[in-house]
Amino acid sequence: MGLWIPPILAAELHLESQLEPARLLDRIRLNRISVLVAVPRTLDLLRSHLLNRFPGLDTQLAAATGLTIARRIFRFRRVHRLTGWKFWALISGGATLPPDLELFWGRLGFALIQGYGMTETAALITLNHPFHLGRGTLGKPLPGREVRLSPDGEILVRGDVVSTATWTNGRLQPSSSDWLATGDLATQDTSGDLRFTGRLGDAIVTSAGLNIHPSDLEAALLQHPSVRAAAVIPCPTPTGPEPIAVLLTNTADADLGQILHTANQHLAPYQHLRRALPWPEPSFPFTSTGKLLRRSIAEWACQQIASSPAAPTSTRTDPLLDAIASITRQTPSNTADTARLTEDLHLDSLGLVQLQSLLEQRFGLDLSDDQIAHATTLGDLRTLLHTPASSPVPASAAVPPTIGDQTSAPRPTATQQPQPAPIRPCIPQDHRYPLWPWLAPVNLLRVLFQDLILLPLTHLLAAPRLQSSAQPTAK
């Protein structure tokens, strides 16, 4: 998506490193972005921002059924004015797209395009057509790919785009079958669209598109001396699918946060556990053959998570807690300074990045990545917001002037809670990209070079040479 598709479409590519929704929308409008490619977590953050910025938007969306695209754009013109009239589509990938999130953007008049693929299949296997969207589906198989479902419902793929070998033990090992087993389960409707139903294995795919294996997390939990048994299962949360630790311990329930904190020290940031539940019975359920009944544990745990209260409307009594609740979309249960950001307040690695941007916008501070990385508790954040190390930046830097405006607004304070200021576009006003690379003769030369020179050289120089791993035996 970053290297090949934009040049083919004569398009520019803009990469955004910050997840603050207001900043991202300003980027889209000022740089005249047409399409946003993001994981569902980012799309959900933008939805939360729009619902907070436009009160009553959810009620208007519920009544906007059966409208044409043109009428949707007119009815929600305030939202389209915020994103810019050139912006029309969102591409979601890397994780499962929740149906309510797809419905939200569709009712606003945007095309939300979902596809499915893997690294081993040169990315895409199926894709929704932008003008013939199959709601809740992964789309139809693309040309050059054969797709079928196994008796268990697993997606199997075959074609020239599928890798025929894997790098194992320092060498390329040829695949045993032409069909690649993806490990994903799906159903196929009469129109040929695939509908994702889950994973065949135990891997958990988060809303950020990252794969987490429960066995790694369970091994870290079992290192704690108070943990007798542990099961990590996926549950839907307000911010997307998340691994939940269900524990049998020899300690009080109040110490579960400390157990998670100890286990997270042995895990990568994207693997960090943020929620733990005590199993209500003396032991986990098992089958007659001794296999753990993860489905029973998951049903109970997800029911407990679903009953947790959602974040209320901001009261502005504590701007820091309001900012955290707007990200996690849940009411913080522990507001003491000793509350841990991950285990008690449920902030993941992406949530911390968003919190950094949000605090910079709301408090007019310049916070470095190292300062946020070393803040592990709510008290650390409160100290950080008042420490000289994160001193307020000058007024001209804290609130950049709008384009064409030479005046600077005063630096906002924490109690004022201003709206994020507009940002300058990435490209200087006097810069213009040359148009000659997209003229018809130049495009023709580019296509001829790719087909007649580049592709033959790629086949010649990059063709894998497979060697048998079998060693000759002497008699």
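Because the structure is predicted, anything quoted here is derived from the model rather than measured.
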Beyond-backbone contact of L273 with E343, side-chain heavy atoms, under 4.5 angstrom
no
All heavy atoms of L378 vs all of I324, minimum pair found to be CD1-CD1, 3.8 Å
>> Is the ring pair W279/W300 parallel, tilted or perpendicular, if the boundaries are 30 and 60 degrees?
In response: perpendicular
Between A276 and L256 the two heavy atoms that sit nearest each other are O-CD1, 3.9 Å
Subject >> Chi angles and distances behind the salt bridge (Lys or Arg N to Asp or Glu O under 4.0 Å) call for D26, R29 >> reply: CA-CA 5 Å; D26 281 340; R29 183 184 71 258; 3.0 Å; yes
Here the salt bridge (charged side-chain N to carboxylate O under 4.0 Å, His left out) pairs for residues 126-142, sequence neighbours left out, are K140-D193
Residues L112 and L101: closest non-hydrogen pair is CD2-O, 4.1 Å
For this session: Would you kindly say whether D348 and Y270 are connected by a side-chain donor-acceptor distance under 3.5 Å?
Result: no
Shortest non-hydrogen pair, A301 vs C235, comes out as C-SG, 3.9 Å
R145 side chain to P143 main-chain N or O, any donor-acceptor pair under 3.5 Å? yes
Point to revise | Side-chain touch T182/L156, heavy atoms, less than 4.5 angstrom | key: no
Practice task
Start with the C-alpha gap between E242 and R274, add the side-chain angles, then the distance that decides, and say whether salt bridge (Lys or Arg N to Asp or Glu O under 4.0 Å) holds.
Solution key: CA-CA 9 Å; E242 179 184 322; R274 304 190 296 280; 2.9 Å; yes
Practice prompt. Please assess D380 against T383 for the test side chain to side chain donor-acceptor pair (under 3.5 Å), listing each intermediate value before the final yes or no.
Written response: CA-CA 5 Å; D380 293 339; T383 303; 5.5 Å; no
>> Let's go through R23 and E16 carefully: what are the C-alpha distance in whole Å and the side-chain angles of both, what is the deciding distance for salt bridge (Lys or Arg N to Asp or Glu O under 4.0 Å) to 0.1 Å, and is it a yes or a no?
In response: CA-CA 9 Å; R23 177 186 176 89; E16 177 56 47; 3.3 Å; yes
Output for pair (T83 OG1, I28 CD1), nearest 0.5 Å, gives 7.0 Å
The reported gap from CG in L82 to CZ in F54 (rounded to nearest 0.5 angstrom) is 5.0 Å
When rounded to the nearest 0.5 Å, the distance separating CG of L180 from CD of E120 is 6.0 Å
I244/V232 under side-chain contact (heavy atoms from CB on, under 4.5 Å): CA gap, chis, key distance, verdict: CA-CA 5 Å; I244 307 296; V232 176; over 6 Å; no
- Within the side chain of H129, is there an N or O that forms a donor-acceptor pair under 3.5 Å with the backbone of F131? yes
NZ of K86 to NE2 of H80, rounded to nearest 0.5 Å, is 15.5 Å
Kindly determine whether R27 and I33 satisfy side-chain contact (heavy atoms from CB on, under 4.5 Å), including the steps that lead there. CA-CA 8 Å; R27 292 279 188 194; I33 302 297; 5.8 Å; no
Does any part of the side chain of L61, heavy atoms only, come nearer than 4.5 Å to the side chain of L108, both counted from C-beta? yes
Note: L345 and T328 closest approach over all heavy atoms is O-CG2, 3.4 Å
Within 6.0 angstrom of R295 CZ, more than 12 heavy atoms from elsewhere: no
### Message
If you apply the rule side-chain contact (heavy atoms from CB on, under 4.5 Å), what do you find for T376 with R340, and how did you get there?
### Response
CA-CA 6 Å; T376 59; R340 292 173 288 260; 6.0 Å; no
> Backbone N or O of G136 within a donor-acceptor pair of the E102 side chain at under 3.5 Å?
Replying inline: yes
In this structure, is the centre-to-centre distance between the rings of F87 and F110 below 6.0 Å? yes
Answer yes when R47 and D100 have at least one side-chain N-carboxylate O distance shorter than 4.0 Å, and no when they do not. yes
task = Kindly indicate whether the side chain of I73, heavy atoms from C-beta on, has any atom under 4.5 Å from the side chain of W85.
result = yes
- Under the 3.5 angstrom rule, does the side chain of E299 hit a backbone N or O of S296 as a donor-acceptor pair? no
Quick check on F74: does its CZ atom have over 12 non-hydrogen neighbours (other residues, nucleotides or ligands) under 6.0 Å away? no
- Do P243 and I233 have side chains that get closer than 4.5 Å, going by heavy atoms? no
Quiz item: Do D44 and R41 meet the salt-bridge criterion of a basic N to acidic O distance under 4.0 Å?
Solution: no
Practice task
For the pair F196 and L185, evaluate side-chain contact (heavy atoms from CB on, under 4.5 Å) and give the outcome as yes or no after the intermediate values.
Solution key: CA-CA 6 Å; F196 179 78; L185 301 176; 6.0 Å; no
* Asked: Do side-chain atoms of H272 reach the backbone of N264 as a donor and acceptor pair under 3.5 angstrom?
  -> yes
Rounded to the nearest 0.5 angstrom, the CG-OG1 distance for L221 and T262 is 10.0 Å
Scanning both residues in full, the closest heavy-atom pair of R107 with A64 reads CG-O, 4.3 Å
Contact check, side chains of P241 and P236, non-hydrogen atoms, under 4.5 Å = no
Exactly one candidate in T126, T187, N128 meets side chain to side chain contact (heavy atoms under 4.5 Å, CB included) with T137; the answer is N128
Interatomic distance, CG@L50 vs CG@L45, rounded to 0.5 Å, equals 11.0 Å
Report task. Compare all side-chain heavy atoms of V162 with those of T121 and state whether any distance is below 4.5 angstrom. Result -> yes
Is the number of heavy atoms from other residues, nucleotides or ligands within 6.0 Å of CZ (R148) greater than 12? yes
Sorted by chain and number, sequence neighbours left out, side chain to side chain contact (heavy atoms under 4.5 Å, CB included) with R446 holds for P437, W438, V442, N443, Q450
- prompt: Does I372 reach the side chain of L384, with side-chain heavy atoms less than 4.5 Å apart?
  reply: yes
